[in-house]
There are 2 protein chains.
Amino acid sequence: MSDLAAALDVVGSRWALLIVERLLEGPQRYGDLQRDLGVPTNMLATRLRELEAAGVLRRLPLHHNTRAYALTDRGLALRGAIEELARWARG
Amino acid sequence: MSDLAAALDVVGSRWALLIVERLLEGPQRYGDLQRDLGVPTNMLATRLRELEAAGVLRRLPLHHNTRAYALTDRGLALRGAIEELARWARG
DNA sequence: ACAAGGCACTTGCATTTTGCAAGTGTCTTG
DNA sequence: CAAGACACTTGCAAAATGCAAGTGCCTTGT
C-alpha cells in the first residue's frame with residue numbers, strides 16, 4: 001500500500017478534508033461545523049469519530065453537554081496538503 | 001463552494017488520486033493501471049472517463065485497439081498535492 | 001416548577017457509489 | 001482460423017452517503 005493510499009484511508013472519505021480545513025481556523029463546535037459545511041449530521045458524527053480515532057483531532061469539553069473539536073499536531077500537519085489541493089483548484 | 005471542495009469534486013472520488021499518482025510516472029495503458037492499482041475494471045473505466053472530461057488526463061492512441069492514458073498539464077499540476085498527502089502519511 | 005429551546009448527537013430508511021464476476025467486440029499472433 | 005490480448009461493458013450485491021425525524025441532557029425564561 002502506497003503512502004498516498006494510506007493517507008486516503010484516513011482522510012479520503014467524503015467530508016473528511018473539509019472538516020479538517022474548517023478546523024485549521026481553530027476549534028469548532030459540532031453545530032458550527034454542521035451549519036458551515038452543510039454536512040449531514042450523521043456523517044459529521046461518523047467522521048468526527050473516525051478522525052478522532054485516527055489521531056487527527058480531539059474533543060475539548062467546554063461545559064455540560066457542549067464540546068469543541070480541535071486538530072492535533074497530526075491534524076495540523078495536513079495544512080500543506082489541503083493548501084496544495086485548494087491551490088490546484090484555483091490554478 | 002470552497003476551493004478545496006472544488007478540487008475534491010474532481011479528484012475526491014475513490015481511486016482518482018491513485019490513478020493520477022500512477023500517471024505521474026508516465027503514460028500507462030488500461031491493463032497496467034488495473035493490475036498495478038488493483039482497481040475494479042468498471043471503476044477504472046468510469047474514473048478515466050471523468051478525469052478525461054475534467055481535463056486531468058487524455059487518451060493517447062497507440063495502435064489498433066490499444067491506447068495509453070497521459071496526464072495533461074492540469075493533471076501534472078496535482079503532483080504537489082499528491083506529494084504532500086504522501087508525506088503526511090509517512091510523517 | 002415547568003415549558004421551550006439549544007446542543008450533540010442517534011436511528012430508520014432511501015439513494016448513490018463502489019465492488020465483484022462475467023461477458024463483449026476488435027485485433028493480433030501462431 | 002482458433003486462441004489470446006486488450007479495453008472495456010453489463011448485471012447485480014454490498015457498502016457508503018444522505019434525508020428526516022427523534023433522543024437525552026442541560027439552560028433559560030416565566
Side-chain angles (χ1 to χ4, degrees), chain A residues 1-2 4-23 25-54 56-72 75, chain B residues 1-2 4-23 25-54 56-72 75:
Chain A
M1 190 192 203
S2 72
L4 178 59
L8 293 176
D9 255 23
V10 178
V11 293
S13 53
R14 191 124 65 185
W15 298 109
L17 276 183
L18 292 168
I19 291 167
V20 172
E21 182 189 36
R22 194 71 179 72
L23 294 181
E25 298 167 24
Q28 309 283 335
R29 285 176 309 163
Y30 188 96
D32 295 334
L33 290 168
Q34 189 177 315
R35 274 182 294 276
D36 294 350
L37 298 176
V39 48
T41 177
N42 54 346
M43 282 293 96
L44 181 55
T46 300
R47 289 293 169 267
L48 290 173
R49 231 181 290 127
E50 293 167 348
L51 291 171
E52 187 187 17
V56 170
L57 54 80
R58 64 196 149 113
R59 292 176 151 85
L60 298 182
L62 296 186
H63 56 282
H64 72 290
N65 67 336
T66 66
R67 46 189 141 280
Y69 292 90
L71 294 179
T72 60
Chain B
M1 190 192 208
S2 73
L4 178 60
L8 293 176
D9 254 24
V10 178
V11 293
S13 54
R14 191 124 71 189
W15 298 109
L17 276 183
L18 291 168
I19 291 167
V20 173
E21 182 189 37
R22 194 70 179 72
L23 294 181
E25 298 167 24
Q28 309 283 335
R29 285 175 310 162
Y30 188 96
D32 294 334
L33 290 168
Q34 191 177 315
R35 274 181 294 277
D36 294 349
L37 298 177
V39 47
T41 177
N42 54 347
M43 282 291 97
L44 181 55
T46 299
R47 290 293 170 264
L48 289 173
R49 232 181 289 126
E50 294 167 348
L51 291 172
E52 187 186 18
V56 171
L57 54 81
R58 66 202 148 97
R59 291 177 152 85
L60 299 181
L62 297 185
H63 57 283
H64 72 291
N65 68 336
T66 66
R67 47 188 139 278
Y69 292 89
L71 294 178
T72 60

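No experiment lies behind these values; they were computed from the predicted model shown. In the text below, chain A, chain B and the rest are named by the order of the sequence lines, each starting its count at 1.
One can place CD of B/Glu52 at 9 Å from P of D/dC8, the figure rounded to the nearest angstrom. The separation between B/Tyr69 atom OH and D/dC8 atom C1' is 8 Å, rounded to whole Å. Going from atom CD of A/Gln28 over to atom P of C/dA8 covers 11 Å, rounded to whole Å. Summarising the geometry, the separation between CG on B/Asp32 and C1' on D/dC6 is reported as 11 Å, rounded to the nearest angstrom. To the nearest angstrom, C1' of C/dT16 lies 11 Å from CE of B/Met43. Counting to the nearest Å, the C1' atom of C/dT24 and the OH atom of B/Tyr30 are 13 Å from each other. Atom C1' of nucleotide C/dC9 and atom CG of A/Leu33 are separated by 13 Å, given to the nearest angstrom. One can place CG of B/Leu44 at 14 Å from P of D/dC6, the figure rounded to the nearest angstrom.
An OP1 or OP2 oxygen of D/dC8 is reached within less than 4.0 angstrom by a side-chain nitrogen or oxygen of B/Arg67. For A/Arg49 and C/dT10, the shortest distance from a side-chain N or O to OP1 or OP2 is below 4.0 Å. Within the 4.0 Å cut-off from OP1 or OP2 of C/dG6, not a single side-chain nitrogen or oxygen of A/Arg29 is found. The shortest distance between the side-chain N/O atoms of A/Trp15 and the OP1/OP2 oxygens of D/dA16 is not below 4.0 Å. At D/dA16, none of the side-chain N or O atoms of B/Arg14 fall inside 4.0 Å of OP1 or OP2 (strictly under the cut-off).
Out of D/dT9, C/dC7, C/dT10, the shortest distance to the side chain of A/Thr66 is found at C/dC7. If you check C/dG19, D/dT9, C/dT11 against the side chain of A/Asn42, the one that comes closest is C/dT11. Set against D/dA7, D/dT27, C/dG19, the side chain of A/His64 has D/dT27 as its closest nucleotide.
Using a 4.0 Å heavy-atom cutoff across all strands shown, B/Thr41 reaches at least one base atom of the nucleic acid.
Between the side chain of A/Asn65 and the base of D/dC26, no donor-acceptor pair of N or O atoms lies under 3.5 Å.
Taking each heavy atom of A/Leu33 and A/Val39 in turn, the nearest pair found is O-CG1, 4.0 Å.
One side chain, B/Arg47 or B/Ser13, offers a donor N or O that lies under 3.5 Å from an acceptor on the other.
Checking B/Ile19, B/Leu48, B/Leu51 one by one against B/Tyr69, the side-chain contact (heavy atoms from CB on, under 4.5 Å) holds for a single residue, B/Leu48.
Along DNA chain C, the nucleotide closest to B/His63 and the one closest to A/Leu62 are compared, and the more 5′ of them pairs with A/Leu62.
Distance check, rounded to the nearest 0.5 Å: CZ of B/Arg14 to CE of B/Met43 gives 9.5 Å. In this structure, CZ in B/Arg58 is found 10.5 Å from CD in B/Glu52, a value given to the nearest 0.5 Å.
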